[in-house]
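Just so you know, ligand 1 is whichever comes first in the structure, and atom 1 is the first atom listed for that ligand.
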Amino acid sequence: MARALIVIDMQKDFCPGGALAVTGGDEIVGPINALMADFEAVVLTQDWHPADHTSFADNHPGAEAFSSIEMDYGPQVLWPRHCVIGSDGAGFHPDLALDRADLVIRKGFRAGIDSYSAFFENDHATPTGLAGYLRDRGLNELTFVGLAHDFCVAWSAVDAAKLGFSVGVIEEATRAIDLNGSRNAARANMRAAGVILR
Ligand SMILES: [Zn+2]
């Protein structure tokens with residue numbers, strides 16, 4: 001088995017001081033850097049939205065951040081504006097060991113649809129191309145870390161399991177947003193999909 005570490009969205013906007021800060025998000029940078037040496041490959045994902053992105057609450061007049069709306073592809077949480085293409089906040093945490101990454105894959109770059117998962121956009125159908133990259137390289141055992149545990153990490157891990165990869169999450173190298181019990185729901189979804197939580 002060849003093993004890949006998939007580092008989800010370790011960007012400034014998701015760390016304390018950022019536009020959509022996850023509590024303690026910066027605490028996991030060191031542990032993630034230390035884990036990289038244990039894997040044959042390291043992949044970084046980067047949330048990357050145009051200014052008119054549908055996931056931004058301020059693009060929906062009258063809508064509150066952290067409320068949910070129904071899109072034609074399903075429910076969508078409306079977030080504070082974050083990870084705008086080319087912005088400082090969309091950059092990686094300055095201490096993340098970028099040089100160790102074989103691939104950086106960007107997601108959420110289409111205005112009309114979000115992409116929590118590193119594998120499929122939120123319609124659960126449009127692929128990002130990551131599965132093909134991993135399969136072509138024979139990377140079949142995937143470990144997920146990063147932000148946020150209950151959204152982009154969980155959705156990525158569940159999709160990876162559904163695609164047939166062997167999947168684990170190192171929970172101490174993640175942090176959760178925990179919106180309306182989303183952390184426990186994400187754990188249940190991951191376990192149901194066969195993801196090993198470590
Ligand atoms: Zn986003």
Review point. Side chains of D159 and S156: donor-acceptor distance under 3.5 Å anywhere?
Key: no
Review point. Between the side chains of Q46 and D9, is a donor N or O closer than 3.5 angstrom to an acceptor N or O?
Key: no
Only distances under 3.5 Å count here; give the side-chain donor-acceptor pairs of residues 187-198 to other protein atoms, sequence neighbours excluded, each with its distance to 0.1 Å.
unit_1 : atom_1 : unit_2 : atom_2 : d
R187   : NE     : E171   : OE1    : 3.4
R187   : NE     : E171   : OE2    : 3.0
R187   : NH2    : E171   : OE1    : 3.1
N189   : ND2    : A185   : O      : 3.4
R198   : NH2    : T143   : OG1    : 3.3

Point to revise | Check against side chain to side chain contact (heavy atoms under 4.5 Å, CB included), Y116 and Q76 | key: CA-CA 10 Å; Y116 294 159; Q76 171 70 49; 3.4 Å; yes
Practice item. Could you check if a side-chain atom of R137 sits within less than 4.5 angstrom of a side-chain atom of D102, using non-hydrogen atoms only? Key: yes
Practice item. Decide yes or no on side chain to side chain contact (heavy atoms under 4.5 Å, CB included) for I177 and R183, but give the supporting numbers first. Key: CA-CA 7 Å; I177 294 172; R183 186 166 192 253; over 6 Å; no
Review point. Around the Zn ion (ligand 1), how many protein N/O/S atoms fall inside 2.8 Å?
Key: 3
